[in-house]
Amino acid sequence: MDAFTPALDLLLSDGLLIESGVNGLYGRSGVFEDVLQRVEALTRTVAAQDGAMVMRFPPGMSRAAFERSGYIKNFPHLAGVVRCFCGDEPAHRALMRSCDAGEDWGAELASTDVVLAPAACYPVYPALAQRGVVPDQGWLVDVAGYCFRHEPSREVTRMQWFRMQEFVRVGTEAQVLAFRQEWMARAGALAQVLGLPHELEVANDPFFGRAGKLQADGQREKALKFELVIPVNPGAPPTACGSFNYHGEHFGRTWGLQLADGSTAHTCCVGFGLERLTVALFRQHGSWPGHWPDELRGALWSLPC
Ligand SMILES: [Zn+2]
């Protein structure tokens with residue numbers, strides 16, 4: 001048993017999560033889902049005054065857009081792609097022989113144009129690029145959905161498939177940095193409402209390989225990424241439940257997002273891990289929402305979901 005097993009076991013034995021036989025891939029009970037949707041509604045209530053444009057995408061995205069975004073260069077170990085059977089009948093017989101023999105039948109499949117979305121915001125940048133020049137007030141998008149990262153684990157907050165609620169800001173450097181700053185303050189207030197102990201920390205993304213270590217160090221040095229961390233697993237470092245990411249001109253350059261003066265737009269995204277926040281609530285307040293503090297119940301159960 002590792003340090004993370006007790007937290008997962010508790011959520012499974014209390015019926016909040018449902019075992020699938022694969023680490024990091026769980027079903028959710030009605031109670032879990034109800035709380036998650038209320039957490040999502042709460043984050044969107046905090047954002048309501050901003051007038052964000054809502055976009056929703058399927059949990060898959062264009063492989064071409066994914067390649068262009070640089071994800072496969074920076075995070076190949078986390079990527080998931082959709083491969084399908086496109087062969088003829090002899091190829092099908094070969095596939096079934098491998099399958100019946102309990103062998104890996106992946107070789108009989110071919111890549112498709114679809115990959116699994118690694119973050120909710122990835123399909124937003126190419127979608128915005130189709131709209132032409134960024135307006136003076138910039139763009140603000142509310143996007144949410146299931147994301148996939150291949151990191152099987154018994155750590156309950158490190159799921160392979162999970163949902164993120166993100167707010168993406170595109171505009172001048174000053175506009176996007178002010179937006180990120182505002183959300184770092186809002187996120188603290190949000191955690192307060194949820195009755196969750198929390199801190200804001202400088203962080204880095206899990207870039208792949210030796211070159212990735214340099215990228216991660218650079219990201220920290222320039223304070224490009226902050227995380228809202230909340231204790232979930234006793235004795236282990238706190239879990240990142242929110243992130244505040246300044247991309248500089250990376251996505252602007254990649255997708256040709258231009259400001260009216262011809263310069264490249266800056267972007268940032270603010271993301272909340274909905275399963276992580278929900279798990280943190282159950283860990284902090286117990287498995288029975290009916291017993292949670294009145295103030296917390298008042299905040300979550302007064303929302304229209
Ligand atoms: Zn993002």
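For ligands, and for the atoms within them, numbers begin at 1 and follow the listed sequence. Given the structure is predicted, the values throughout are model-derived calculations rather than measurements.
Salt bridge present: Glu33 and Arg163 bring a charged side-chain N and a carboxylate O closer than 4.0 Å. Salt-bridge annotation for Glu19 and Arg28: absent, with no side-chain N of the basic residue lying under 4.0 Å from a carboxylate O of the acidic one.
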Would you be so kind as to tabulate the donor-acceptor pairs closer than 3.5 Å made by side chains of residues 202-222, with sequence neighbours excluded?
{"residue": "Asn204", "atom": "OD1", "partner": "Arg220", "partner atom": "NE", "Å": "2.7"}
{"residue": "Asn204", "atom": "OD1", "partner": "Arg220", "partner atom": "NH2", "Å": "3.3"}
{"residue": "Asp205", "atom": "OD1", "partner": "Lys225", "partner atom": "NZ", "Å": "2.9"}
{"residue": "Asp205", "atom": "OD2", "partner": "Gln219", "partner atom": "NE2", "Å": "2.8"}
{"residue": "Lys213", "atom": "NZ", "partner": "Asp217", "partner atom": "OD1", "Å": "3.2"}
{"residue": "Lys213", "atom": "NZ", "partner": "Asp217", "partner atom": "OD2", "Å": "3.1"}
{"residue": "Gln215", "atom": "NE2", "partner": "Asn74", "partner atom": "OD1", "Å": "3.1"}
{"residue": "Gln219", "atom": "OE1", "partner": "Asp205", "partner atom": "N", "Å": "2.6"}
{"residue": "Arg220", "atom": "NH1", "partner": "Val202", "partner atom": "O", "Å": "3.3"}

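Taking Ile, Leu, Val, Met, Phe, Trp and Tyr as members and joining any whose side-chain heavy atoms lie under 4.5 Å apart, directly or through other members, the hydrophobic cluster of Val22 also contains Leu25, Val82, Val114, Leu116, Tyr146, Phe148, Trp161.
For Ala47, the side-chain contact (heavy atoms from CB on, under 4.5 Å) test picks out Asp50, Phe167, Trp183, with sequence neighbours left out.
Residues Leu16 and Ser287 are in side-chain contact: their nearest non-hydrogen atoms beyond the backbone lie under 4.5 Å apart.
Within the sub-2.8 Å shell of the Zn ion (ligand 1), the protein contributes these N/O/S atoms: Cys121 SG, Glu166 OE1, Cys269 SG.
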